[in-house]
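Data first, discussion second: the structure below is written as structure tokens.
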Amino acid sequence: MGTIECVQGDIARQADIDAVVNAANAQLRSGGGVAGALHRAAGPGLAEECRPLAPIRPGQAVITGAHGLPNRHVIHCLGPVYGVDEPADELLAACYRNALELAEREGLRSIAFPALSAGAFGYPPAEAARVALATVLQTLPGCPGIERVRFVLFDADSTALHQRTLEALE
Ligand code: ADP
């Protein structure tokens, strides 16, 4: 099974990773947080490629090129808005599972995730981390081509939370 690592950093600066995952909105437009950072770094070609793929549903994952980003692809996932899209845990798990399976089908060897739904979408961070890591641990054995899964967290607290959660689940 591939390795799972949790690092502090910017999802838009993961040059050694095949696909970075976007915490997308349904319209696959730029915005705040992760989507803003990725679209800014990718340039307008990313929004253009996204337009015909939108809208997407909670739990869904779609793939595009990476344009100005230092990766091969962006995988766009729509996480659940906490308290609105139900069942939240199943929809959040579907994001991670669908993104990994899509990466596997595309022959990618490495993928980096942000903490989907844990920002503007309001998912409590500890619960989001548990769903995220449990789903990756469950799905990765079925994705033999994926050698590395990296969680990229914006701040030190979130990084420590993901590291603790991973150790508790392993
Ligand atoms: P969502 O709308 O799915 O909640 P957000 O982009 O608002 O997504 O936030 C998801 C998580 O990503 C939050 O924990 C936020 O702090 C973090 N985040 C924001 N910008 C970045 C970035 N450039 N790289 C990595 N993580 C980021």
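Position 1 is the first residue of the sequence, and the numbers go up from there. Every number for a ligand or one of its atoms is a count from 1 in the order of the listing.
- At a 4.0 Å heavy-atom cut-off, ligand 1 touches Ala37 through the side chain alone.
- In this structure, Phe121 belongs to a hydrophobic cluster whose other members, linked by side-chain heavy atoms under 4.5 Å apart, are Leu28, Leu53, Ile56, Val62, Leu78, Val81, Val84.
- Among all non-hydrogen protein atoms, the one lying nearest atom 24 (N) of ligand 1 is Ile11 N, 2.9 Å.
- Counting only residues at least two apart or on different chains, the side-chain hydrogen bond (donor to acceptor under 3.5 Å, both in side chains) pairs with a member in residues 136-153 are Glu5-Arg148, Glu5-Arg150, Gln14-Arg150, Asp16-Arg150.
- Summarising the contacts of atom 3 (O) of ligand 1 with Gly122, Cys77, Ser117, Ala112, the nearest heavy atom is found in Ser117.
- Comparing Asp155, Val34, Val152 against atom 6 (O) of ligand 1, the shortest heavy-atom distance belongs to Val34.
- Every atom of ligand 1 with a heavy atom of Gly9 under 4.0 Å away is listed here by number and element: 24 (N), 25 (C).
- Taking every heavy atom of Ala23 and a limit of under 4.0 angstrom, the matching atoms of ligand 1 come to 3 (O), 8 (O).
- Closest to atom 11 (C) of ligand 1 among all protein heavy atoms lies Ala115 O, 3.3 Å.
- Atom 19 (C) of ligand 1 has its closest protein heavy atom at Phe154 CD2, 3.7 Å.
- Put simply, the side chain of Thr135 never gets that close to the backbone of Tyr96: no donor and acceptor are under 3.5 Å apart.
- Of all atoms in ligand 1, numbered sequentially from 1 with element shown, those under 4.0 Å from a heavy atom of Asp10 are 22 (C), 23 (N), 24 (N).
- Within a 4.0 Å radius of atom 22 (C) of ligand 1, the protein has at least one heavy atom.
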